[in-house]
Amino acid sequence: MKILMLHGINHNMFGKRDPKQYGTITLDEINASLTALGQQLGTDVECFQTNSEGAMCERIHQGYQDGVDAVLINAGAWTHYSYGIRDALAILTCPVVELHMSNIHAREAFRHVSVFAEIVKGQICGFGVDSYLLALRAAVSSVQASAKA
């Protein structure tokens, strides 16, 4: 099983950016935790981060062509307005799990809306780095359930 983890804009600054909201964990540490849990769950996790909306869309297209089994996405601020990324995600035929470290529903009003919500399998938010691990578990479970059906 292959799962693609997509990190959005400014996530390369985790550990430095707003530690009150996001903690001090770095993107490399998040990716290491995902990779380790992926190994325990019998799946490969490929991580990708970009600050370019076009590069994110192209990576989603590549995931479609590669036939990834599931996609995890924390698009950051793009979640709330990027119809381009939404439309790229809609091309995928695999489960997509949206995740956020912070509880986007308890923050500024503009963050309460996800333009991805209608097309993703589900959303996980508010659990810090555990949001990533919960999302990975949910994606693996979803792929396994689909395989049994």
Before we go on, tell me: are the rings of His11 and Phe14 under 6.0 Å apart, centre to centre? yes
Got a second to check how far Ile104's CD1 is from Ser102's OG, nearest 0.5 Å? 7.5 Å
Is it the case that atom OH in Tyr64 sees more than 12 heavy atoms from other parts of the structure closer than 6.0 Å? no
Would you mind writing out the side-chain donor-acceptor pairs for residues 142-149 within the sub-3.5 Å range, not counting sequence neighbours?
residue: Ser146; atom: OG; partner: Ser142; partner atom: O; Å: 3.1

Do Val115 and Val97 belong together in a cluster built from hydrophobic side chains that touch within less than 4.5 Å? no
Check: Leu136 and Leu41 side chains under 4.5 Å, non-hydrogen atoms: yes
Point-to-point distance, once rounded to the nearest 0.5 Å, from CZ of Arg86 to OG1 of Thr79: 13.0 Å
Any side-chain heavy atom of Ile3 within less than 4.5 Å of one from Asp44? no
Does any N or O in the side chain of Asp66 come within less than 3.5 Å of the main-chain N or O of Val68, such that one atom is a donor and the other an acceptor? no
So, taking the atom named NE2 in His80 and the one named OG in Ser114, what distance separates them when rounded to the nearest 0.5 Å? 7.5 Å
Scanning both residues in full, the closest heavy-atom pair of Ala139 with Leu72 reads CB-CD2, 3.7 Å
Heavy-atom side-chain contact between Lys2 and Glu46 under 4.5 Å: yes
Heavy-atom side-chain contact between Ile85 and Cys57 under 4.5 Å: yes
Distance-minimising heavy-atom pair for Ser33 and Leu133: O-CD2, 3.9 Å
Do the side chains of Val120 and Leu92 join up, straight or via other hydrophobic residues, at under 4.5 Å, putting them in one cluster? yes
CD1-CG distance between Ile124 and Leu134, expressed to the nearest 0.5 angstrom: 5.5 Å
Interatomic spacing from OG1 in Thr26 to CG in Asn31 - rounded to 0.5 Å: 8.5 Å
In one Ile/Leu/Val/Met/Phe/Trp/Tyr side-chain cluster, 4.5 Å: Leu99, Leu6: no
Got a sec, which pairs hit ring-ring contact (aromatic ring centres under 6.0 Å, His included) with one end in residues 116-142, sequence neighbours left out? His7-Tyr132
Kindly give the heavy-atom pair with the smallest separation between Gly8 and Asn51, and that separation in Å. O-OD1, 4.3 Å
Rounded at 0.5 Å granularity, tell me how far CG in Leu27 sits from SG in Cys47. 7.5 Å
Following the transitive rule for hydrophobic clusters with a side-chain heavy-atom cut-off under 4.5 Å over Ile, Leu, Val, Met, Phe, Trp and Tyr, establish whether Phe48 and Val129 coincide in one cluster. no
Which side chain to side chain donor-acceptor pair (under 3.5 Å) pairs, counting each pair once, include a residue from residues 118-127, with sequence neighbours left out? Glu98-Gln123
State whether the number of non-hydrogen atoms from other residues, nucleotides or ligands found under 6.0 Å of Tyr83 atom OH is greater than 12. no
Are Ile60 and Leu4 connected in the hydrophobic side-chain network, where two residues link if heavy atoms are under 4.5 Å apart? yes
4.5 Å side-chain heavy-atom contact, Ile25 and Met101: yes
